[in-house]
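Take a look at the structure below.
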Amino acid sequence: MADYNFYDNVYDVVRLIPKGRVTSYGAIAAYLGSKQSSRVVGYAMMAAGTANPPIPAHRVVNRQGLLTGKFHFGGDTMEQLLASEGVEVIDDKVQHFKVLYWDPAIELTL
DNA sequence: GGATTGACAACAG
DNA sequence: TCTGTTGCCAATC
């Protein structure tokens, strides 16, 4: 697929996130080439809730490890999914964020 | 077709 | 250190 769109590329990266890991919008944006397009990544995630196959958007959090988009999941679904994968979430924030952080720019470049 | 919004991030004051 | 503003790209109104 030569015509790699930013939007479509985001889905691909998010689906590559290993279970029990989390990443940030900026990390994905940076991996795509423009860290400042993090807003586009977040926008892509918005459609992820209705996309098929479903995108593990619950593994994507902001720079602070905060589950900013949990409201779009419909309540506490996001933290429940993370907790189900072994990710400890307290006060809508991912604990051990630095440890669970999965950077596509590194993991996929190996 | 133009203006506004959006699950963010970085820089400036 | 914290608050405020700007930038980015695509989608929606």
Side-chain angles (χ1 to χ4, degrees):
Chain A
M1 298 73 145
D3 53 64
Y4 256 40
N5 291 334
F6 206 102
Y7 201 88
D8 199 38
N9 209 329
V10 172
Y11 291 130
D12 190 38
V13 175
V14 175
R15 284 184 228 175
L16 291 173
I17 301 174
K19 181 179 180 181
R21 298 289 190 194
V22 292
T23 189
S24 63
Y25 303 93
I28 298 173
Y31 174 68
L32 298 180
S34 298
K35 63 180 182 182
Q36 302 186 297
S37 45
S38 53
R39 300 191 76 160
V40 186
V41 178
Y43 197 86
M45 297 288 98
M46 183 178 78
T50 57
N52 189 25
I55 313 251
H58 58 275
R59 294 178 187 160
V60 184
V61 294
N62 68 353
R63 203 55 168 155
Q64 305 172 14
L66 185 66
L67 281 61
T68 49
K70 78 162 198 169
F71 298 101
H72 292 265
F73 275 79
D76 58 331
T77 305
M78 192 169 184
E79 58 184 273
Q80 290 296 312
L81 289 170
L82 288 170
S84 182
E85 295 183 355
V87 179
E88 188 176 11
V89 179
I90 300 176
D91 190 39
D92 301 336
K93 289 185 296 186
V94 176
Q95 304 304 303
H96 306 288
F97 181 64
K98 297 186 298 183
V99 181
L100 299 176
Y101 190 73
W102 182 84
D103 191 340
I106 299 176
E107 303 294 332
L108 298 179
T109 306
L110 294 174

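The sequence lines fix the lettering, A, B, ..., with proteins before strands; numbering per chain opens at 1.
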| Under 4.5 Å between any side-chain heavy atoms of A:Met45 and A:Val14, yes or no? | yes
| query | Looking only at side-chain N and O atoms, does A:Ser38 come under 4.0 Å of OP1 or OP2 in B:dA10? | reply | no
| Once you round it to whole Å, what is the distance between C1' of B:dA9 and OH of A:Tyr31? | 20 Å
| request: Verify salt bridge (charged side-chain N to carboxylate O under 4.0 Å, His left out) between A:Arg59 and A:Glu85, making sure each step is shown before the conclusion. | output: CA-CA 10 Å; A:Arg59 294 178 187 160; A:Glu85 295 183 355; 2.8 Å; yes
| said: Nearest to the side chain of A:Tyr43, heavy atoms from C-beta on, is which of B:dA7, C:dA11, B:dA9? | reply: C:dA11
| Roughly, in whole Å, what's the span from OH in A:Tyr25 to C1' in B:dC8? | 8 Å
| Sequence neighbours excluded - ring pair (Phe, Tyr, Trp, His ring centres under 6.0 Å) pairs with any residue from residues 43-100 of chain A | A:Phe97-A:Tyr101
| query | Reckon A:Ala47 touches a base, only the sugar-phosphate, or nothing at all at heavy-atom distances under 4.0 Å? | reply | nothing
| task | Identify which nucleotide among B:dG6, B:dA7, C:dC9 has an atom closest to any side-chain atom of A:Arg39, counting heavy atoms from C-beta outward. | result | B:dG6
| said: Expressed as a whole number of angstroms, how long is the span from A:Ile55:CD1 to B:dA7:C1'? | reply: 13 Å
| remark: Testing B:dA9, B:dA7, B:dG6 for proximity to the side chain of A:Ser24, the answer is B:dA9
| request: Looking only at side-chain atoms of A:Tyr7, point me to the closest of C:dA10, B:dA9, B:dC8. | output: C:dA10
| Hey, does the side-chain of A:Ser37 have a donor or acceptor N/O within less than 3.5 Å of a partner on the base of C:dC9? | no
| message | Are A:Val13 and A:Tyr31 packed together at the side-chain level, in the sense that at least one heavy-atom pair is separated by less than 4.5 angstrom? | response | yes
| Picking from C:dA11, C:dC9, B:dA7, which would you name as closest to the side chain of A:Ala48? | B:dA7
| query | Relative to the 5' end of DNA chain C, which residue comes earlier, A:Val40 or A:Met46, by the nucleotide with the nearest heavy atom? | reply | A:Val40
| Which part of the nucleic acid, if any, lies within contact of A:Phe73, taking any heavy atom under 4.0 Å across all strands shown: a base, the sugar-phosphate backbone alone, or nothing? | base
